Asks: 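Have a look at the structure that comes next, please.
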Amino acid sequence: MAIRIDGKTVAAQVLDNVATAATLFEKDFGLKPGLAVVLVGEDPASQVYVRNKIARATESGLNSIEHRLAADTDQQTLDQLVADLNADPSVHGILVQLPLPDHLDEDRIIRAIDPAKDVDGFHPVNVGALHIGEESLEPCTPQGCMIMLEQIHGELSGKHAVIVGRSNIVGKPMAAMLLRANCTVTIVHSRTPNAAELARQADIVVAAVGRAEMIDASWIKPGATVIDVGINVVERPSGNGEAQRKLVGDVNYADVEPQAYAITPVPGGVGPMTIACLMKNTLIAARRLQRK
Ligand code: GUN
């Protein structure tokens with residue numbers, strides 16, 4: 001039976017460290033590390049994510065500042081809010097929840113956030129710095145995956161990692177971080193003709209495609225570690241014959257688990273780690289900003 005990597009437990013350890021560091025920060029500087037979370041509109045999934053982020057921030061001793069804007073907010077208003085948060089010395093981290101409503105320019109907002117406060121790690125300055133090994137704020141989801149992999153394996157050097165998916169938020173930064181840890185890294189994607197065959201050569205498979213249970217046992221070498229980044233809502237028949245909404249990953253857990261060395265569940269795997277790393281980034285940003 002595979003080791004079930006419990007993201008909630010590992011995230012609690014990360015958050016514990018953040019809380020300790022936040023107390024020291026407040027003692028040293030007379031204010032709490034501050035995280036501003038901006039939500040535009042009423043997307044139900046985004047509302048849940050934002051609520052969780054605010055709750056974790058408060059529990060970790062951070063000052064969380066929530067800005068909720070109407071769905072019809074114009075670009076200029078959002079630009080101005082970001083400019084105000086950039087200039088506010090009590091704000092150390094800024095997160096604008098994505099996706100934004102269609103009439104707003106996401107790339108422009110990502111670029112408008114001061115890279116020193118970009119706790120998502122999405123600004124091109126942070127993306128570039130990560131890739132050339134300079135100090136940056138690193139995207140939260142791949143950072144969370146790395147922490148879990150390091151806990152399971154200790155040393156990652158020399159391992160072959162296959163990442164399924166090439167998104168800017170997960171696949172590409174994941175490749176940069178695994179490369180930095182001296183892994184041999186392969187990215188496979190929708191145009192890769194022999195993706196399963198390549199994945200089957202991997203010691204570590206990171207699934208980040210956004211397709212429910214796409215990865216079955218035929219993708220996984222016996223004894224490999226599997227990190228499932230996917231969060232997909234599917235409708236499944238329940239006991240009484242009615243359809244029930246269920247959260248599943250990109251990995252078919254029941255099929256893959258018997259032959260994996262270790263595997264993350266969905267929910268309760270990568271998800272809690274992403275939020276914990278957001279708090280960690282806020283603390284890192286706060287320390288660097290106060291140092292300046
Ligand atoms: N929407 C879904 N995931 C994320 C994330 O990691 N950051 C932001 N800003 N929006 C998201």
Side-chain angles (χ1 to χ4, degrees), residues 7-8 11-12 15 35-60 62 64-75 77-79 81-82 85 93-110 112-113 118-122 139-145 165 167-171 207-214 228-253 264-279 281-282:
K8 280 193 208 157
L15 291 171
L35 172 66
V37 181
V38 180
L39 174 63
V40 186
E42 274 114 44
D43 178 73
S46 290
Q47 284 181 327
V48 174
Y49 289 137
V50 165
R51 198 183 317 133
N52 285 336
K53 287 170 186 174
I54 300 276
R56 291 298 91 70
T58 309
E59 287 162 18
S60 313
L62 309 187
S64 58
I65 308 126
E66 193 177 351
H67 291 269
R68 285 176 175 264
L69 304 179
D72 62 357
T73 298
D74 62 20
Q75 184 79 42
T77 306
L78 186 57
D79 287 352
L81 173 60
V82 170
L85 295 171
I94 302 171
L95 180 137
V96 178
Q97 186 66 28
L98 304 177
L100 289 170
D102 287 344
H103 67 282
L104 295 170
D105 185 343
E106 238 166 59
D107 286 340
R108 178 181 159 123
I109 287 300
I110 288 170
I113 295 170
D118 168 37
V119 284
D120 263 326
F122 294 166
C140 302
T141 299
Q143 208 186 131
C145 296
S167 69
N168 289 339
I169 294 180
V170 184
V209 267
R211 286 187 55 188
E213 299 181 325
M214 185 185 93
D228 189 352
V229 178
I231 300 177
N232 310 287
V233 180
V234 294
E235 301 233 331
R236 291 282 153 81
S238 68
N240 60 13
E242 278 176 29
Q244 204 174 35
R245 287 157 75 83
K246 193 177 166 229
L247 223 51
V248 301
D250 292 346
V251 175
N252 184 330
Y253 188 94
T264 62
V266 176
V270 174
M273 289 302 294
T274 297
I275 298 191
C277 289
L278 175 67
M279 304 312 144
N281 273 355
T282 304

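Keep in mind that what you see is a predicted model, and the values were worked out from it rather than measured.
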Asks: Is the shortest heavy-atom distance from the side chain of Leu78 to the side chain of Ile109 under 4.5 Å?
Replies: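 They are in side-chain contact.
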Asks: Over all heavy atoms of both residues, which pair between Val234 and Ala212 is shortest? Give the atoms and the distance, please.
Replies: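 Taking Val234 first and Ala212 second, the nearest heavy atoms are CG1-CB, 3.6 Å.
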Asks: Can you tell me if Asp118 uses its side chain to pair, donor with acceptor, with the backbone of Ile113 under 3.5 Å?
Replies: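 Not a single qualifying donor-acceptor pair exists.
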Asks: Within this structure, what is the CG-CD1 distance for the pair Asp105 and Ile110, rounded to the nearest 0.5 Å?
Replies: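 Interatomic distance, Asp105 CG to Ile110 CD1, rounded to 0.5 Å: 9.0 Å.
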Asks: Grab the two heavy atoms, one from Val229 and one from Ala208, that are nearest each other, plus how far apart they are.
Replies: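 Minimum heavy-atom separation between Val229 and Ala208: CB-CB, 3.9 Å.
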Asks: Between Gly144 and Met273, what is the shortest heavy-atom contact and its length?
Replies: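 Residues Gly144 and Met273, closest heavy atoms: O-CE, 3.7 Å.
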Asks: How close do Ala243 and Glu235 get, counting heavy atoms only, and between which atoms?
Replies: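 Of all heavy-atom pairs spanning Ala243 and Glu235, the closest is CB-OE1, 3.5 Å.
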Asks: Give, for atom CG of Asn232 and atom CE of Met214, the distance between the pair rounded to the nearest 0.5 Å.
Replies: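 Atom-to-atom, Asn232:CG and Met214:CE are 10.5 Å apart.
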Asks: Check Val251 against Ala207 and note the closest heavy-atom contact, atom names and distance.
Replies: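 Of all heavy-atom pairs spanning Val251 and Ala207, the closest is CG2-CB, 3.7 Å.
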Asks: So, taking the atom named CG in Asp250 and the one named CZ in Arg211, what distance separates them when rounded to the nearest 0.5 Å?
Replies: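 Result: 9.5 Å between the selected atoms.
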Asks: Checking Asp74 now: which residues fulfil side chain to side chain contact (heavy atoms under 4.5 Å, CB included) with it, not counting sequence neighbours?
Replies: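 By the side chain to side chain contact (heavy atoms under 4.5 Å, CB included) rule, Asp74 matches Gln76, Thr77.
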Asks: Taking the side chain as C-beta and beyond, is there a heavy-atom pair between Leu247 and Val233 under 4.5 Å?
Replies: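 Of all side-chain heavy-atom pairs linking Val233 with Leu247, at least one is under 4.5 Å.
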Asks: Considering non-hydrogen atoms only, spot the tightest contact between Ile169 and Pro139 and give its length.
Replies: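 Reported closest heavy-atom pair: O-CB, 4.0 Å.
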Asks: If you measure from OG1 on Thr274 to CD1 on Ile231, what distance do you get to the nearest 0.5 Å?
Replies: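 So the OG1 of Thr274 and the CD1 of Ile231 are separated by 7.0 Å.
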Asks: Are the side chains of Leu35 and Leu278 in contact, using a 4.5 Å heavy-atom criterion?
Replies: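 Heavy-atom side-chain distance check passes, below 4.5 Å.
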Asks: Does some side-chain heavy atom of Leu81 sit less than 4.5 Å from a side-chain heavy atom of Thr73?
Replies: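 They are not in contact (no side-chain heavy atoms under 4.5 Å apart), so the answer is no.
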Asks: Glu106: which residues meet the side chain to side chain donor-acceptor pair (under 3.5 Å) condition with it, sequence neighbours left out?
Replies: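 Scan of Glu106 (side chain to side chain donor-acceptor pair (under 3.5 Å), adjacent residues dropped) gives none.
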Asks: Does Arg245 CZ have over 12 foreign heavy atoms under 6.0 Å away?
Replies: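 Result for CZ/Arg245: open.
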Asks: For Val248, is there any backbone N or O sitting under 3.5 Å from a side-chain donor or acceptor partner on Glu213?
Replies: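 No, because the side chain of Glu213 does not come within donor-acceptor range (under 3.5 Å) of the backbone of Val248.
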Asks: Could you check Asp120 against Leu98 for side-chain contact (heavy atoms from CB on, under 4.5 Å), going step by step and ending with a plain yes or no?
Replies: CA-CA 11 Å; Asp120 263 326; Leu98 304 177; 5.6 Å; no
Asks: Mind jotting down which residue pairs meet the side chain to side chain donor-acceptor pair (under 3.5 Å) criterion with at least one end in residues 43-53? Sequence neighbours excluded, please.
Replies: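 Qualifying pairs, neighbours excluded: Asp43-Ser46, Lys53-Gln97.
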Asks: Using side chain to side chain donor-acceptor pair (under 3.5 Å) as the criterion, list what pairs up with Asp228, not counting sequence neighbours.
Replies: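 By the side chain to side chain donor-acceptor pair (under 3.5 Å) rule, Asp228 matches no residue at all.
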Asks: For Ser167, what residues pass the side chain to side chain donor-acceptor pair (under 3.5 Å) criterion, not counting sequence neighbours?
Replies: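 Side chain to side chain donor-acceptor pair (under 3.5 Å) list for Ser167, sorted by chain: empty.
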Asks: To the nearest 0.5 Å, what is the distance between OG (Ser60) and CZ (Arg56)?
Replies: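 Going from the OG atom of Ser60 to the CZ atom of Arg56 covers 8.0 Å.
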Asks: Measure the shortest side-chain to side-chain distance between Cys140 and Asn281 over non-hydrogen atoms and say whether it is less than 4.5 angstrom.
Replies: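 Cys140 vs Asn281: side chains touch.
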Asks: Got a sec, which residues hit side chain to side chain contact (heavy atoms under 4.5 Å, CB included) with Asn240, two or more places apart in sequence or on another chain?
Replies: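 By the side chain to side chain contact (heavy atoms under 4.5 Å, CB included) rule, Asn240 matches Ser238, Glu242.
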